[in-house]
Number of protein chains: 2
Amino acid sequence: MHRTKVRIVEEALDANNTIAQANRADFDRAGVRVVNFMSAPGAGKTALLERVVADLPGVRVGVLEGDVQGSMDADRLASLHVPVTQLNTDAGFGGECHLDANMVRSALSELPLEDIDLLVIENVGNLVCPAEFRVGEDARIMVSAVTEGEEKPLKYPLMFRACELVLINKIDLLDHLDYDLALLEANLDQVNPGAARMPISARTGEGVDEFRDWLSRVPDRVRAAA
Amino acid sequence: MHRTKVRIVEEALDANNTIAQANRADFDRAGVRVVNFMSAPGAGKTALLERVVADLPGVRVGVLEGDVQGSMDADRLASLHVPVTQLNTDAGFGGECHLDANMVRSALSELPLEDIDLLVIENVGNLVCPAEFRVGEDARIMVSAVTEGEEKPLKYPLMFRACELVLINKIDLLDHLDYDLALLEANLDQVNPGAARMPISARTGEGVDEFRDWLSRVPDRVRAAA
């Protein structure tokens, strides 16, 4: 029973990787770079995107918005006049807790790939499964809110290990929390010492310029790495 | 392909329910009531349990601690001299994002059922899948931190619908947030109007007495409902 389950999981992840590569090839052909944007529920992904997507110098952004159901986040971003495509994971199920490559593939024809340079895929809020499923992205960013505690890299190592950039959000609340930013960084160093990290506040705007700059340079970095 | 996946998911949930009923029967025989305790990562489940489990009037508590990996939360609770059993979900996988009935069943022999009246199962931090998998519990509690935003009941309705009690944690931060407690309650009413709700702060202790009282009366309520 256990061996069977391991095999099913491995086969599902294999199939996912194959489809993710096909997505990547299609994005490459269209000249679109892709960021997979992940966090726990309520860490501030949408609020951070609201701060930057309409205003990336020289980069036209589109958003693919993943949610179990509804379109609340997509509606917020669409009001910024950025192309937003909604992808719900509850079709036929109680609701998937992550996006996978096939779900993203099902949305490809709806994406305005000719009109954008960078696609930000806002994943379902979850610190476990989104990190296990590549969707065809060039870079992965996660948000860890200081309200969640400093130990999260040790409890959800796969997620923190998967990302090139960790945004440490809600730093406007630091004065009101017993939170040790140096401890978070030390814990992050244990699982992913090479990860870039940026303290930031979607609420006050602190650190937002650095994030906007990082995001606008994704196409250049991908080109340089190729 | 899609039909096959739906069938596999349905069969898995069917099998889970069968095993959950077997767990429930074993708990009943031992006279132990069981609470499934859920939330997003970092909402404060462990901090709230630290406030109450060692001090429930007339009720001996044990904890089954679910985590992807590690035993940080179990160690915190064990220091209160409460029996704690660790259950990790990463054996053989990248890490399951929830507990299921079979995982709990695998831990039954390690639980001191003769020495406790109430078992609190602290689930993996996740607002999606834990709500889909019954584990043999009598009651379900979730924690929604005010730092996560008021819209969470609408974005993760299955979780909010599944619970008898919603703890609205971190209210000590309300003065520093743009958070509308009445809006959270209105959103909760849309998906689960019958849910009890308690504003609480694990940090300051506000509301903790009410939570302790609710938890200590779980055995009585189960008996009355039988």
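The chains referred to below are lettered A, B, ... by the order of the sequence lines, with proteins before strands, and numbering in each begins at 1.
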Is it the backbone or the side chain of B:Leu13 that comes under 4.5 Å from a heavy atom of chain A, or both, or neither? neither
Partner of A:His176 under side-chain contact (heavy atoms from CB on, under 4.5 Å), chosen from B:Leu173, B:Asp172, B:Leu177: B:Leu173
What parts of residues 37-53 of chain B touch chain A if we use heavy atoms and a cut-off under 4.5 Å? B:Ala40, B:Pro41, B:Gly42
Sequence neighbours left out, what pairs pass salt bridge (Lys or Arg N to Asp or Glu O under 4.0 Å) with at least one residue falling in residues 173-182 of chain A? A:Asp178-B:Arg203
Closest approach of A:Cys97 and B:Val128, non-hydrogen atoms and distance? CB-CB, 3.7 Å
Is a side-chain N or O of B:Lys155 found less than 3.5 angstrom from the main chain of A:Gly125, in a donor-acceptor match? no
Where on A:Leu154 is there a heavy atom nearer than 4.5 Å to chain B: the side chain, the backbone, both, or neither? both
Separation of B:Glu96 CD from A:Glu132 CD (nearest 0.5 Å): 8.0 Å
